[in-house]
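Okay, so here's the structure we're looking at.
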Amino acid sequence: MTLYTKDHEWIRIDGNMATIGISQYAQAQLGDVVYVELPETGKAIDKGKEAAVVESVKAASEVYAPIAGTVFEVNAALTDNPALVNEDPEGEGWFVRLHVPQGTDTGDLMDEATYKAFLETL
Amino acid sequence: MSTEQSVDSRESLATLPLVTPLHDRHVALGARMVPFAGYAMPVQYPAGIIAEHKWTREHAGLFDVSHMGQAALIGPDHATTAAALEALIPADILNLGLGRQRYSQLLTDDGGCIDDLMVQRGPDAADDGRLGLVVNAGRKSVDYAHIAARLPGNVRLETYPERALLALQGPEAEAVMVRLGAASAAGMAFMAVGTATLAGIAVEVTRSGYTGEDGYEISVPAGDAGVLWDALLADPSVKPIGLGARDSLRLEGGLCLYGHELDETVSPVEAGLVWSIQKRRREGGGFPGFARIRAEIADGPKRVRVGLLPEGRAPAREGTAITTPDGRPVGIVTSGGFGPSLNAPVAMGFVEPAFAMPGTELALIVRGKPLAARVAALPFVPNRFKR
């Protein structure tokens, strides 16, 4: 199941592995993505802290970790083809995979229906 | 995700009272509207900034620049009006020919730039004594107050908020103008000023723009702007282009943007605009800040505008510190982003003159880390003005 933050990150948790990216709405707001700065593997990231930086033609934006974890893998495909974030933000355009503790609380994250309702309020 | 830096984030759309006459058309085209200089303006259409940028370089892009200030100085004869304006700007306006436009700067007493602007002398000798002005949207009120307070009694400032301004830019712009009935536009040289009938509408045209491409700026009464916009967009060479691509085009074109490369502390010499101060004015002066500008031309300024090409893919944004490779601060980035035609990050900034030679290796401090960059000659993309 995909969960979302109010800052438009998404997270998909599978056991103790969590994949993070930005939502379709976020990529549309950014416009053409031209650069993604990814963290080094092994880096510990606290919840709500910077996990990556995404740069569009006009601006740089931080991508925050929806939950705490340790960087296990980054999406190296984004280095050569940052436009993947625009083309498939919630699939091939993922940013990082975190190793997260089992049973991490995700109670403050939104499911897809709740996130869609949230977008309607913006 | 949070937008860390955006030129637009200081303003809010909700409180914006100003729209251009083409606002409803932008919205209907699916533009993303953002606050800019007090106006709601299209930053991009659904095609996106990169596609819009490339379209302009390859075909013809249509820009709504109606937020810019259109005005005129009106006096008894050309010499009188030119003298009044020459007291405020360093360009030679006395010798500006009929049907010609010149780029210049309104200067503070210390030689800083209050604004940059276009000065136009119409093609009709019957309009002798009238000089058209086009100023930046965000500086309109400052400029108009500055100018009005310094005019002699026999020269007055008129402003034209009821006129819209369109820019048609790109290698196919001339053919579009001809197809829409303005055959005379084909014969205009770069920076020529004329009138034309375009899609059946009487317009004022200059062969100029701010993209580094050949093209036209077209002044039209607000009431006719929508019809003209639609007629231009109906041409297969033309697509609508937002402010995002306007910015990336002018950055690749090495052109200054007020509030970035220019402000009241920056002199035209520092900004690399000495070419816009004609010989008669450089020698004779008679404009604000002449002492500083003369000294900077003779001895060199303390800082100069340069182009910067970062290594790798990371853009360096406005405000980024520029250092030597060993970390000594030597300047600051004033515009930075991604150049779609270069398919690489590009920036402009100011550095100490000793580090301004193209090829000089420098570092840009991006998110705390030095990013290798080198000074590059401007423009990044060769200008294709109609000479």
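Proteins get letters first, then strands, A, B, ... in listed order; numbering begins at 1 in each.
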(request) Name the member of A:Lys6, A:Glu9, A:His8 that forms the most heavy-atom pairs with chain B at distances under 4.5 Å. (result) A:Glu9
(request) Verify whether one side chain among B:Ser335 and B:Arg250 offers a donor that lies under 3.5 Å from an acceptor in the other. (result) yes
(request) Can you tell which part of A:Glu55 gets under 4.5 Å to a heavy atom of chain B, answering side chain, backbone, both or neither? (result) both
(message) Can you confirm whether the side chains of A:Tyr115 and A:Ser23 place a donor and an acceptor under 3.5 Å from each other?
(response) yes
(request) Please flag which part of A:Ala52 lies under 4.5 Å from any non-hydrogen atom of chain B: side chain, backbone, both or neither. (result) neither
(request) Would you kindly say whether B:Thr56 and B:Glu213 are connected by a side-chain donor-acceptor distance under 3.5 Å? (result) no
(request) Taking the six-membered ring of B:Trp55 (Phe, Tyr or Trp), confirm whether the NZ or CZ of B:Arg57 is under 6.0 Å from its centre and within 45° of its axis. (result) no
(message) I'd like to know whether the aromatic ring centres of B:Tyr39 and B:His23 sit less than 6.0 Å apart in this structure.
(response) no
(request) For chain B, find its close neighbours in residues 63-75 of chain A: heavy-atom separation under 4.5 Å, sorted by number, or none. (result) A:Val63, A:Tyr64
(request) Could you verify whether a donor N or O on one side chain and an acceptor N or O on the other, from A:Thr5 and A:Asp7, lie under 3.5 Å apart? (result) no
(message) Does either side chain, that of B:Ser248 or that of B:His53, offer a donor lying less than 3.5 Å from an acceptor on the other one?
(response) yes
(message) Shorter than 4.5 Å, heavy atoms on both sides: which option in B:Gly244, B:Pro315, B:Gly48 has the most such pairs with chain A?
(response) B:Pro315
(message) So for B:Arg313, is it side chain, backbone, both, or neither that comes closer than 4.5 Å to the heavy atoms of chain A?
(response) both
(request) Report yes if the side chains of B:Val346 and B:Leu308 come closer than 4.5 Å at any heavy-atom pair, otherwise no. (result) no
